[in-house]
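Worksheet for the structure shown next.
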Amino acid sequence: MSKYDEYLSVIFANDKFYKTGNELNQILQEKFQITSSNARKIISRACSKGILQSSHPITFGNGQYVYYKNKTSLSINVIKEITKKNRPPVYHLLNLLDASEGIISYYEGLKITASPLRKEKEKSNTLNEILYMLEYLGVVETTTDSGITYIILSSVSNKVIPLMYQHRSNMIMDCFFIPDVRNWLIKHNFIDNKYIVYRNQTLPSKGAEHNNYIWDAFAYTNTTGYNTTLGNSIERDEKKTLVVLDIVIHRSYMSCDVQGFLRRVQAVRSSATRERKILPIVVYQEISSHAFSQLKSLGFIMLNLGSIFGENIYPIIHKIKEIKSSILNDWGTSEEIVENVDATLSEMEKSGQSINLGNMKGDLFEVLMYPLIKIIHPHASIELGKVLKRKEVDGTHREYEYDVIVRDFQNEEIIVYEFKGKNSKIEIPLKPHDKPNTVKWFFNTTLPFAREELQKQNSFPVKGCYITTARFSADALKVLNNINTHKNVKPETHDVFYDGEKLLQLLEGKREKHIIDVLKKYYIH
């Protein structure tokens, strides 16, 4: 064995010892007073003799391989040490996995690594390239369930199913507050209401795309201090500031979140053809002291939910987590679900935030209807928050989300439900058919689309039912009563529509006193 091989055998005797190519090359040059070229040859021969092992074909920044003891593998802690300096996005991804019980979604991976959706620059890594590296090293695995792709540490792959169920619930929790946060930001003039794109709980793995990166939400604002162009709205629009939001509710906001957000902001700014003003906003429930200091230093706006909705929002978050988990995983009884909804609405009333949390109140109405649907359809499969989509002939993509889709095997029919939990004084209009929250939007636009898509998969007829705590306008009622006579739309066991009054009658017939009490207390006055 040569003196070089002996030396390498000694320094690499420890399983935890590793060096990058540049580091090892430098060590050999200094030890034996040789050139860089000779050092590279010594390293190459040592690998071929089995004295060292190389990470080939995986590189760790600037095309460098990592060298370590033969017949061992790089542990996750060693990989984190290497990538902390050489490939920070990989380091942040592994940190987030450690902090999230070993599982995150592909969506969160895109955020934390600041990966572009499509590769544009040779030096920028896509998330798929990062995952190939980690999968090759045996550190992570990927799997897809219910349309969501998960990144999982290999060490926890034996309990992947419960982890996926729980993490989906966590993702929904992060989306749950976005509509109400959006409304609060509009109300306080942080953003305008002309163009807002945001992630939603029906598709929690799909973010808002802007400049080849994803965001939890983005919008625009003219609020940049004193406005000197009040008289010229066109000029003002051209000078609008891009507002990007990072929203994490289900866990503490961490330093790795800050870095992922910052890198995306920097990427958008550097890709703009003209200088673009950007206003980054972080919304969180909890935050680490390090992350707080970093955001403050960067000048990013920081909003905790308590500052937006008051300190009583925290028990509300806890209760909503319980509710979402119980329904997603089919835990608990119907009575427990109603009890949790009742308690959550009570907390909202006490906090004085019922108006500000209007979207959440609508979501809780959907939850409240879940036990009723189970009673009406005892022998059925029930899908919540189902999204149906297709590519049209002209190449455009079209999709709609549905509150509940029921496959009733006893009556051999599929029923698509639309729920609207609103104040009973509000009136649901008949039209237009191309605007949400109207009768025609459901019966003339989204229901026909669902019928076309669902009957590709099933021979059962597809019918519809619109349930609200509000009331319908006079012309809407006339149309609904007519639709109720159509056998191809009316379900076998009930009507095609229920306003607040009819809904209470239906619940009385089912002897659902607790649901009636909750509706009368919070929705139907």
Side-chain angles (χ1 to χ4, degrees), residues 179-180 182-183 186 193 200-202 341 345 348 354-370 372-373 376 384-388 399-406 415-451 462-486 488-491 493-510 512 515-516 518-525:
D180 292 311
R182 172 204 62 189
N183 291 343
I186 292 171
N193 61 357
N200 69 72
Q201 58 178 308
T202 305
V341 172
L345 288 166
M348 287 168 61
S354 286
I355 294 175
N356 289 333
L357 296 172
N359 284 285
M360 189 185 301
K361 195 171 179 181
D363 285 333
L364 289 171
F365 172 70
E366 293 177 22
V367 172
L368 204 57
M369 291 297 97
Y370 182 68
L372 174 62
I373 297 303
I376 294 173
L384 307 175
K386 179 73 173 177
V387 174
L388 298 176
E399 64 180 50
Y400 299 108
E401 58 183 88
Y402 298 88
D403 295 329
V404 172
I405 296 177
V406 174
I415 301 99
V416 178
Y417 283 92
E418 176 87 347
F419 296 130
K420 292 295 174 193
K422 296 180 177 291
N423 188 293
S424 56
K425 295 178 182 178
I426 290 174
E427 194 173 80
I428 306 289
L430 173 63
K431 52 189 181 181
H433 74 277
D434 58 348
K435 297 290 184 184
N437 302 321
T438 68
V439 169
K440 287 205 168 214
W441 168 256
F442 178 62
F443 285 102
N444 290 45
T445 302
T446 63
L447 180 60
F449 183 87
R451 180 175 290 116
V462 177
K463 304 180 180 182
C465 182
Y466 197 125
I467 299 179
T468 180
T469 47
R471 53 195 178 90
F472 295 106
S473 65
D475 55 348
L477 273 174
K478 185 176 180 180
V479 169
L480 286 168
N481 281 311
N482 181 48
I483 294 173
N484 207 40
T485 64
H486 297 178
N488 65 325
V489 183
K490 183 183 180 300
T493 57
H494 54 286
D495 289 342
V496 298
F497 74 99
Y498 290 87
D499 57 13
E501 186 178 339
K502 275 186 70 176
L503 177 57
L504 292 178
Q505 291 171 3
L506 175 65
L507 288 163
E508 284 171 4
K510 304 294 181 184
E512 287 297 313
I515 299 178
I516 292 171
V518 174
L519 291 178
K520 286 183 174 179
K521 195 186 303 183
Y522 303 108
Y523 296 91
I524 303 172
H525 306 293

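Predicted model only: the values in this text are computed from it and were never measured.
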Check your understanding: Tell me, do Glu512 and Leu519 make a side-chain contact under 4.5 Å, heavy atoms counted?
Key -> no
Check your understanding: Can you pull the salt bridge (Lys or Arg N to Asp or Glu O under 4.0 Å) pairs that have at least one residue in residues 441-450, sequence neighbours excluded?
Key -> none
Report all side-chain donor-acceptor pairs from residues 501-508 shorter than 3.5 Å, counting only partners two or more places apart or in another chain.
residue	atom	partner	partner atom	Å
Lys502	NZ	Asp495	OD2	2.9
Lys502	NZ	Phe497	O	2.9

Review point. When you look at Ile515 and Lys510, which way does the side-chain contact (heavy atoms from CB on, under 4.5 Å) test go after all the steps?
Key: CA-CA 10 Å; Ile515 299 178; Lys510 304 294 181 184; over 6 Å; no
Practice item. Could you tell me which residues satisfy ring-ring contact (aromatic ring centres under 6.0 Å, His included) with Tyr417, sequence neighbours excluded, listed by chain and number? Key: His377, Phe419, His494
Review point. Can you name the residues that form a salt bridge (charged side-chain N to carboxylate O under 4.0 Å, His left out) with Lys520, not counting sequence neighbours?
Key: none
**Study point:** side chain to side chain contact (heavy atoms under 4.5 Å, CB included) against Asn488, all qualifying residues, sequence neighbours excluded
**Key:** His486
Review point. Quick one: does Asp180's side chain have a donor or acceptor within less than 3.5 Å of a partner on Met360's backbone?
Key: yes
Review point. Going by the side-chain hydrogen bond (donor to acceptor under 3.5 Å, both in side chains) test, which pairs reach into residues 427-436, not counting sequence neighbours?
Key: Glu427-Arg471
Review point. Got a sec, which residues hit side-chain hydrogen bond (donor to acceptor under 3.5 Å, both in side chains) with Ser473, two or more places apart in sequence or on another chain?
Key: Asp475
Review point. Are any of the side-chain heavy atoms of Phe472 and Val479 separated by less than 4.5 Å?
Key: no
**Study point:** Candidate pair Leu388 and Ile405, rule side-chain contact (heavy atoms from CB on, under 4.5 Å), full reasoning
**Key:** CA-CA 11 Å; Leu388 298 176; Ile405 296 177; 4.3 Å; yes
**Study point:** For Glu401, salt bridge (charged side-chain N to carboxylate O under 4.0 Å, His left out) partners two or more places apart
**Key:** none
Check your understanding: Between Asn484 and Leu480, is there a donor-acceptor pair closer than 3.5 Å when you use the side chain of the first and the backbone of the second?
Key -> no
**Study point:** Trace of the side-chain contact (heavy atoms from CB on, under 4.5 Å) decision for Lys440 with Leu430
**Key:** CA-CA 6 Å; Lys440 287 205 168 214; Leu430 173 63; 3.8 Å; yes
Exercise for review: Could you check if a side-chain atom of Met369 sits within less than 4.5 angstrom of a side-chain atom of Asp403, using non-hydrogen atoms only?
Suggested key: no
Practice item. Start with the C-alpha distance between Leu447 and Val489, add both sets of side-chain angles, then the distance that settles side-chain contact (heavy atoms from CB on, under 4.5 Å), and finish with yes or no. Key: CA-CA 9 Å; Leu447 180 60; Val489 183; 4.3 Å; yes
**Study point:** Residues that Tyr522 engages under ring-ring contact (aromatic ring centres under 6.0 Å, His included), provided they are two or more places apart
**Key:** none
Check your understanding: How far apart are the closest heavy atoms of Asn437 and Ile428, and which atoms are they?
Key -> O-CG2, 3.9 Å
Point to revise | Side chain to side chain, Tyr370 and Val404, heavy atoms closer than 4.5 Å | key: no
Exercise for review: For Phe449, enumerate each residue passing the ring-ring contact (aromatic ring centres under 6.0 Å, His included) test, keeping only those at least two apart in sequence or located in another chain.
Suggested key: Tyr400
Hey, can you pull the donor-acceptor pairs under 3.5 Å for the side chains in residues 462-470, sequence neighbours left out?
residue	atom	partner	partner atom	Å
Lys463	NZ	Glu413	OE1	3.0
Lys463	NZ	Lys487	O	3.4
Lys463	NZ	Lys490	O	3.4
Thr468	OG1	Lys420	O	2.8
Thr468	OG1	Ala470	N	2.9
Thr469	OG1	Lys422	N	2.9
Thr469	OG1	Lys422	O	2.5

